[in-house]
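Remarks on the structure that follows.
All chains are named by letter (A, B, ...) in the order of the sequence lines, taking the proteins before the strands, and each is independently numbered beginning at 1.
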There are 2 protein chains.
Amino acid sequence: MPDSLINHIKRFIEINEEQEKILLSFVEYKKINKKTFLLKEGQVCENNYFILKGCLRLFLNLDSGYEHILQFAIENWWITDFLSMQNGTPSKFNIQAIENSEIIFLNKNIKNELFERIPKLESYFRIILEKAYSAAIMRIHFQLDYSGEERFMHFNRLFPDFVQRVPQYMLASYLGFTPEFLSKVRGKKH
Amino acid sequence: MPDSLINHIKRFIEINEEQEKILLSFVEYKKINKKTFLLKEGQVCENNYFILKGCLRLFLNLDSGYEHILQFAIENWWITDFLSMQNGTPSKFNIQAIENSEIIFLNKNIKNELFERIPKLESYFRIILEKAYSAAIMRIHFQLDYSGEERFMHFNRLFPDFVQRVPQYMLASYLGFTPEFLSKVRGKKH
DNA sequence: CGCGACGTTGATTTGCCTCAACGATTGTGG
DNA sequence: CCACAATCGTTGAGGCAAATCAACGTCGCG
């Protein structure tokens with residue numbers, strides 16, 4: 001079942017069967033239900049999560065009572081709060097399953113042991129972080145330079161099936177506008 | 001002179017003198033003048049840049065003729081366009097010196113050779129990417145959840161000296177509003 | 001069935017932009 | 001070293017994209 005993690009890693013680096021076994025012996029596999037929290041505001045984030053199946057979100061609670069989604073993660077994505085994990089400080093964020101999901105847990109301490117056993121894995125994580133970082137920069141670019149309607153259109157073109165998969169109010173939250181506004185935008189293109 | 005690169009690396013990993021020498025023999029040191037471009041829109045990004053002294057910005061040209069700053073980099077920061085570098089595609093961005101600066105150039109191919117010689121360096125880059133990524137996520141958070149005035153106040157509290165260091169119109173561009181608006185915000189707190 | 005979660009639609013408000021005109025400061029060539 | 005231009009910052013009037021607020025329709029589910 002965690003084959004897809006191995007496959008994902010093999011897209012970026014080469015590892016042998018021996019190493020695959022070590023890797024799999026270091027991580028945990030869990031099924032979780034929709035709405036399960038993997039991290040709650042105030043806790044210290046101890047794990048990296050890899051999504052085998054399902055969908056998670058990272059969000060924060062606003063004073064207003066609303067919440068704002070900063071990241072989604074679907075199949076073959078990692079999700080975590082690096083800030084809390086690095087510094088060992090309480091997280092401002094929540095990580096929660098949007099669907100019933102199957103997740104690989106990689107504990108932060110275990111991760112360091114793993115790097116000693118399989119140094120190449122550093123390379124894998126470096127590469128996907130470079131990608132995640134570029135994606136974040138592009139997202140800032142869109143946030144700054146495009147209107148709400150343009151952001152939605154663009155997102156819809158890039159991830160048409162994902163748009164179907166999550167409630168509209170979560171999409172609106174992620175894209176940085178209100179659910180009402182999204183509803184109006186969708187209504188327009190008759 | 002490139003001591004500060006070595007010092008920066010030593011904040012995160014241990015390296016010996018031998019390795020320091022290898023590292024320094026792999027990189028290039030250059031002084032560049034204010035307004036020099038290290039990357040222009042349309043070029044493929046070939047280097048990582050480490051700032052020993054000075055200040056750089058990464059920005060993109062908008063159709064409107066304006067430009068939008070996506071990143072600043074000062075002493076002890078790396079800057080590059082990972083997207084272009086990873087894929088070998090033409091960059092949408094420009095990297096330009098805002099001040100006369102001293103820069104370490106690390107070519108992308110050399111970087112990979114370097115990783116073979118000193119695998120530990122993967123770890124260094126992984127760690128700083130984790131930090132850069134968290135910072136980008138926090139920036140998205142501020143962009144989504146705070147007003148222009150709040151974003152400026154917060155930035156000003158975090159980096160009071162940096163605010164003095166760059167022209168206001170660049171700050172405005174980075175924070176996501178117009179120079180006129182920034183001027184009005186500053187005027188208010190009499 | 002009835003309740004809560006989600007989406008829609010319209011009226012009103014507002015944060016910030018646009019445009020324009022005008023000082024202040026910097027820098028560059030004569 | 002001055003003159004003049006360019007760059008940068010300030011201020012005000014008017015406008016617009018999106019938020020807010022509110023009311024209502026609809027669906028899924030205990």
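Placement of B:Tyr29 and B:Ile51 in two distinct hydrophobic clusters is found when ILVMFWY residues are connected by side-chain heavy-atom separations under 4.5 Å, directly or transitively.
The separation between A:Glu149 atom CD and D:dA19 atom C1' is 16 Å, rounded to whole Å. Per the geometry, CG belonging to B:Asp145 stands 14 Å off C1' belonging to D:dA19, to the nearest Å. The distance from atom CZ of A:Arg186 to atom P of C:dC6 is 15 Å, rounded to the nearest whole Å. One interatomic measurement links the two molecules: CZ of A:Phe181 to C1' of C:dG15, which rounds to 15 Å at whole-angstrom precision. The separation between B:Phe152 atom CZ and C:dG15 atom P is 18 Å, rounded to whole Å. Taking atom CZ on A:Phe177 and atom C1' on C:dG15, their separation rounds to 18 Å, with Å as the unit. Rounded to an integer number of Å, the gap from OH of B:Tyr146 to P of C:dC16 is 14 Å. Between A:Tyr66 atom OH and D:dC21 atom C1' there is a gap of 9 Å when expressed in whole angstrom units.
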Do any side-chain atoms of residues 37-44 of chain B form donor-acceptor pairs under 3.5 angstrom with protein atoms, and if so which ones, sequence neighbours left out?
from, atom 1, to, atom 2, distance (Å)
B:Glu41, OE1, B:Asn61, ND2, 2.8
B:Gln43, OE1, B:Lys40, N, 2.9

Would you list the atom pairs, donor with acceptor, under 3.5 Å between side chains in residues 117-124 of chain A and any protein atom, with sequence neighbours excluded?
from, atom 1, to, atom 2, distance (Å)
A:Lys120, NZ, A:Glu14, O, 2.9
A:Glu122, OE1, B:Arg126, NE, 2.5
A:Glu122, OE2, B:Ser123, OG, 3.2
A:Ser123, OG, B:Glu122, OE2, 3.2
A:Tyr124, OH, A:His8, ND1, 2.6
A:Tyr124, OH, A:Trp78, NE1, 2.9

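Within residues 163-171 of chain A, no residue is approached by DNA chain D to less than 4.0 Å at the level of any non-hydrogen atom.
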Distances under 3.5 Å between protein N/O atoms and the N/O atoms of nucleotides 24-28 of chain C, please, pair by pair.
none

Show the distances under 3.5 angstrom between N or O atoms of the protein and N or O atoms of nucleotides 10-14 of chain C.
from, atom 1, to, atom 2, distance (Å)
C:dG10, N7, A:Lys184, NZ, 3.3
C:dG10, O6, A:Lys184, NZ, 3.4
C:dA11, N6, A:Lys184, NZ, 3.4

Quiz prompt | side chain to side chain contact (heavy atoms under 4.5 Å, CB included) assessment of B:Tyr66 paired with B:Ser173 | solution = CA-CA 9 Å; B:Tyr66 282 87; B:Ser173 168; over 6 Å; no
Exercise. Check the pair B:Ile98, B:Phe72 against side chain to side chain contact (heavy atoms under 4.5 Å, CB included), reporting the backbone distance first and the verdict last.
Key: CA-CA 9 Å; B:Ile98 299 178; B:Phe72 286 114; 3.7 Å; yes
Exercise. Check step by step if side chain to side chain contact (heavy atoms under 4.5 Å, CB included) holds for A:Leu56 and A:Trp77.
Key: CA-CA 10 Å; A:Leu56 273 64; A:Trp77 277 83; over 6 Å; no
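In this view, A:Phe177 and A:Phe181 satisfy the ring pair (Phe, Tyr, Trp, His ring centres under 6.0 Å) rule, not counting sequence neighbours. Qualifying ring pair (Phe, Tyr, Trp, His ring centres under 6.0 Å) partners for A:Phe115, counting only residues two or more places apart in sequence or in other chains: A:Phe125. Applying the ring pair (Phe, Tyr, Trp, His ring centres under 6.0 Å) rule to A:Phe105 yields the partners A:Tyr49; only residues at least two apart in sequence or on another chain are considered. Evaluation of the ring pair (Phe, Tyr, Trp, His ring centres under 6.0 Å) rule for A:Phe159 yields A:Phe155 as partners, not counting sequence neighbours.
Crowding of A:Lys111 atom NZ: a count of heavy atoms from other residues, nucleotides or ligands under 6.0 Å exceeding 12.
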Quiz prompt | Nucleotide-resolved protein contact map, nucleotides 24-30 of chain D, B/S/- at heavy-atom distance under 4.0 Å | solution = -------
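The ring of A:Tyr146 has its center no closer than 6.0 angstrom to the ring center of A:His154.
Residues B:Ser183 and A:Arg151 each lie close to DNA chain D; by heavy-atom proximity, the contact nearer the 5' end of the strand is made by B:Ser183.
Within the structure, side-chain hydrogen bond (donor to acceptor under 3.5 Å, both in side chains) contacts touching residues 131-140 of chain A (residues at least two apart or in different chains) are A:Tyr133-B:Gln71.
With the end axes of the helix from C:dC1-D:dG30 to C:dG30-D:dC1 each set by five pairs, the angle from one to the other reads 40° at 10° resolution.
Side chain of B:Ser101 to backbone of B:Ile103: no donor-acceptor contact under 3.5 angstrom is found.
Checked for salt-bridge contact, B:Glu130 and A:Lys108 miss the test: no charged N lies under 4.0 Å from a carboxylate O.
Considering only side-chain N and O atoms, B:Thr178 lies nowhere under 4.0 angstrom from the phosphate OP1 or OP2 of C:dC16.
In terms of heavy atoms, B:Cys55 sits closest to B:Ile74 at SG-CG2, 3.8 Å.
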